[in-house]
Amino acid sequence: MASVERDMDKARSGGQTAAALSDHELAAAAAGGDEAAFGELMDRYRNPITNFLYRFLNDYEEAVDLAQETFVRLYFALDRYHAGYAFSTYLYRIASNLAISELRKRKRRRLFSLTGLFTDDASDTAEYQPADGRRLQDASFDDDQRSAAIAKAIATLPEKYRVPIILRDIEEMSYDEISQVLEIELGTTKSRINRARGMLREKLDKEILGLK
Amino acid sequence: MTNELEELNAEDRHVAEALGAMPRAAAPTDFNHKVRGRIAARKQPSGSGWRIFVPAFAAVFLVALGAVLYLGVLSSADVTDVPPIAEASTPAPASNRVPEPSVQLPEPTEVASTVNEDTPAPNDLVTERVASPQRRPERRPQTPAQINDGGSVDRAGSPVTSNPDRPVNSNVSVPDMRPPGFEGGGQVDSSEVLSLMGLKGNFQADGFLVSNAEASGAAARAGVRVGDVVESLDGKKIEPETRFASGSEIRTISVKRNGESLTLRINR
């Protein structure tokens, strides 16, 4: 910690701002109570985390709320963070866990709601995904028909396929990073991503995918 | 990413490109401010002491409720949970027993007459016991020998005697268990009264023939001599069966001496 503080002082004395520090250095400084370092971490990752959660939940307001909660959890867990992982991996893990918990809460609410009792889902043999029927909350991000169709198709994927395909094809993370976020084997990660692509291919029209 | 796309087939590559081309959602401008607000709110002490006290109060209440129920079960078990076998073999003391309703008991006269018709005299005591269950409900069942002997039984039903070596004799007369003398209450017979007055002798047809009179005894001081025949005490004729109330004060003693009746005053 002392060396990190020296680095911070050195960076500041050399005219460098917090933006020039690595994620690890910022996380260490934030763990020591440096609010500016924590602010810099939020500036770096608030948009990617919000976008990831938005694509996962297909609900912008919910995505922003969970993104804020992600950083709150990060703030109180910084002392448990260690540099063995990439900082982004650590942050996405928090976000994905929150998102999966939120999805399961939705499922419970839906199951116990009266409207859910009388809907005819008997023909739907796929894993139940509460986000299916939800309208996009903020049309400004998916105002064109193609993006809306893809977003809806992603929302139909089971969570174990949805998280890796978003991290891979939207957030452009490597397979290794995704394996660390999900804490699964590399082969399992690749398999799930390929399976998710196949499911999306079946759900989307060829015209939307530009195959015609 | 580019290398990986090259490895994909055409369809999967189109899917990946379509996903990558989707517009990105951006966080609102007040994102950092709201995060700091949440952090500040969680740093403050909650001030919700009830979150601690409510479970503690619930725990105390449950413990108290359990204790009350447990004690209630124990107290009810003391009153009602008497094994039927134990009750039949060794009846509980009279103070703890609930008297049976009188309507369920046979009439004493009817039972007595029935028993007397069916059984001869040796079962009279049984008749008495059956005929008056309410008067002595705590009496333990006895063996026929004990009934005649008048002794008691221990918990195992064996006869209890003052001398364990002495066999139980059913022909021995029933001893009087009342305390001797004038001071114990109840009644005493005439031989004990005369003995207490310092007289020894034998009963005969006309009274008690004095064979020895203690000089310090009340009778000798009144003038009773050896050879006198005590006829009555306070006018009550002396016979072996004559009984006097214990604690009563004898004032006169009538004797026959040389064919002459004398009434002597007892001075104390």
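Here is how names work: the chains are called A, B, and so on, in the same order as the sequence lines, proteins then strands, and each is numbered from 1.
With a 4.5 angstrom heavy-atom cutoff, A:Phe76 touches chain B only via side-chain atoms. Using a 4.5 Å cut-off between heavy atoms, A:Ile154 contacts chain B through its side chain alone, with no backbone atom that close.
Counting all heavy atoms, side chain and backbone alike, B:Ala25 lies closest to A:Tyr54 at CB-CD2, 3.5 Å. The heavy-atom pair separating A:Tyr60 from B:Ala27 by the smallest distance is OH-C, 3.9 Å. Residues A:Leu200 and B:Leu19 share a closest heavy-atom pair of CD1-CD1, 3.8 Å. Between B:Val35 and A:Phe71, the shortest heavy-atom contact is CG1-CB, 3.8 Å. When all heavy atoms of B:Ala18 and A:Ile150 are compared, the closest pair comes out as CB-CD1, 3.7 Å.
How far CG of A:Asp169 is from CZ of B:Arg13: 13.0 Å, rounded to the nearest 0.5 Å. Atom CZ of A:Arg46 sits about 8.0 Å away from atom OG1 of B:Thr29, to the nearest 0.5 Å.
Screening B:His33, B:Arg36, B:Lys34 for a side-chain contact (heavy atoms from CB on, under 4.5 Å) with A:Gln68, the sole residue that qualifies is B:Lys34.
Under 4.0 Å is where a charged nitrogen must lie from a carboxylate oxygen, and between B:Glu17 and A:Arg197 no such pair does.
At a cut-off of 3.5 Å, with distance as the only test, no side-chain donor of B:Arg24 or A:Asn47 sits close to an acceptor on the other residue. Residues B:Asp12 and A:Asn194 have side chains that never bring a donor and an acceptor to within less than 3.5 angstrom of each other.
Counting only residues at least two apart or on different chains, the side-chain hydrogen bond (donor to acceptor under 3.5 Å, both in side chains) pairs with a member in residues 92-102 of chain A are A:Tyr92-A:Glu171, A:Glu102-A:Arg109.
Note on A:Asp65, A:Asp43, A:Leu53: by heavy-atom pairs under 4.5 Å with chain B, the leading option is A:Asp65.
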